Trainee: 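Sharing a structure with you now.
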Amino acid sequence: MTRVLVVEDDPQLVRALVINLQARQYGVDTAPDGTTALRLAATRQPDVVMLDLGLPDMDGVDVIRALRGWTRVPILVLSARQASDEKVAALDAGADDYITKPFSMDELLARLRAAVRRTEDAPLVPEASLVETDEFTVDLLAKKVVRSGRDVRLTPTEWHLLEILITNPGRLISQRYLLQEVWGVSNNKTNYLRVYMAQLRRKLEKDPSHPRYLITEPGMGYRYEG
Ligand code: CA
């Protein structure tokens, strides 16, 4: 089964895409924003990404750049933007193809098939999924962390938290987003975050009280600095 990650914040369009893709036997995951898209790209290993450029939390071009930091998955950009410099920026950042809204479902599906076919024709190169720092290495596909040559044991909750931060390098991820994604709660549980971030720092940082990688933005959230 070919897996598609649909990154789009317009619920009606998402619904139409999901119905049409599933009817043609594609496996579909959906993300309403860039942060979620980056995490799902790492965890669900889609065969192709369909990406809207106008997302609520970040520019689609930045999503492309972040993906290209570690994956060669084909990216088909969907956008209402007519300006050709936007298309150039998306293609320069590493998008494979571009389709302007409104589009016909038939054309979209043809472009999707072409994007998938190109990767099937390409020689098999092992996909890089490693995020390396001076202190530790994270393998996003194997879900492993190695530090000083040894596996670091993370709980599922620690891993989930780390994965969200590390697939969004340099970006502030809000407390609200992390609580919702990791614990399914909306607020008032920032103590969970403090506890788990402290554990992660103990496992990953050279000096946990002066973190170099897992940065707190007081009152707002957390940020991974690569
Ligand atoms: Ca949009």
Side-chain angles (χ1 to χ4, degrees), residues 2-24 26-116 163-182 184 186 220-221 223-224:
T2 303
R3 301 207 64 85
V4 185
L5 173 59
V6 174
V7 187
E8 168 63 63
D9 60 331
D10 171 354
Q12 273 184 308
L13 180 52
V14 171
R15 228 175 89 79
L17 289 169
V18 169
I19 289 168
N20 275 280
L21 290 166
Q22 286 180 341
R24 288 160 182 86
Y26 287 95
V28 189
D29 292 299
T30 64
D33 56 57
T35 310
T36 306
L38 292 173
R39 182 172 56 79
L40 291 182
T43 54
R44 305 288 293 166
Q45 300 178 44
D47 300 297
V48 58
V49 175
M50 271 188 203
L51 174 71
D52 176 30
L53 285 188
L55 296 170
D57 61 335
M58 61 193 287
D59 195 296
V61 173
D62 292 328
V63 175
I64 299 169
R65 286 198 192 98
L67 286 173
R68 285 295 175 253
W70 64 275
T71 176
R72 294 172 52 79
V73 66
I75 301 172
L76 174 56
V77 164
L78 317 175
S79 180
R81 300 179 194 183
Q82 301 288 342
S84 71
D85 55 342
E86 291 289 352
K87 300 181 189 183
V88 171
L91 295 170
D92 276 352
D96 295 89
D97 198 1
Y98 197 105
I99 187 165
T100 304
K101 296 177 190 172
F103 46 77
S104 77
M105 203 52 78
D106 283 344
E107 183 184 359
L108 179 73
L109 292 165
R111 303 268 196 111
L112 184 66
R113 285 193 298 272
V116 172
E163 185 179 68
I164 293 171
L165 292 168
I166 234 164
T167 52
N168 284 274
R171 295 189 53 236
L172 169 67
I173 308 296
S174 69
Q175 293 173 343
R176 172 183 293 265
Y177 184 90
L178 291 170
L179 287 169
Q180 188 62 51
E181 280 300 316
V182 180
S186 52
M220 296 197 292
R223 188 161 47 83
Y224 163 70

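Keep in mind that this is a model prediction, so the values were computed, not measured. Scope of the values below: all heavy atoms of this structure, side chains included, with no hydrogens, waters or symmetry mates. When a ligand or atom number is given, it counts from 1 through the structure's own listing order. Each residue takes its place number in the sequence, starting with 1.
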Trainee: Just verifying a value: how many Å separate D29 CG and T43 OG1, rounded to the nearest 0.5 Å?
Mentor: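 Going from CG on D29 over to OG1 on T43, the span is 7.5 Å.
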Trainee: Given L51, which of I64, V61, L78 fulfils the side chain to side chain contact (heavy atoms under 4.5 Å, CB included) condition?
Mentor: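 Option passing the side chain to side chain contact (heavy atoms under 4.5 Å, CB included) with L51: I64.
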Trainee: Taking backbone and side chain together, does G54 place any N/O/S atom at a distance below 3.0 Å from the Ca ion (ligand 1)?
Mentor: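 Yes, since at least one N, O or S atom of G54 sits under 3.0 Å from the Ca ion (ligand 1).
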Trainee: Find, among atoms of D9 that are N, O or S, the one nearest to the Ca ion (ligand 1), and state its name.
Mentor: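 The D9 atom nearest to the Ca ion (ligand 1), restricting to N, O or S, is OD1.
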Trainee: Apply side-chain hydrogen bond (donor to acceptor under 3.5 Å, both in side chains) to the pair Y177 and T36, showing each step before the final yes or no.
Mentor: CA-CA 9 Å; Y177 184 90; T36 306; 2.6 Å; yes
Trainee: With the threshold set at 4.0 Å, does a side-chain nitrogen-carboxylate oxygen contact exist between D96 and R68?
Mentor: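 Between R68 and D96 there is a salt bridge, with a charged N closer than 4.0 Å to a carboxylate O.
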Trainee: If you check every N/O/S atom of D52, which is the one nearest the Ca ion (ligand 1)?
Mentor: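 Distance check against the Ca ion (ligand 1) picks out OD2 in D52.
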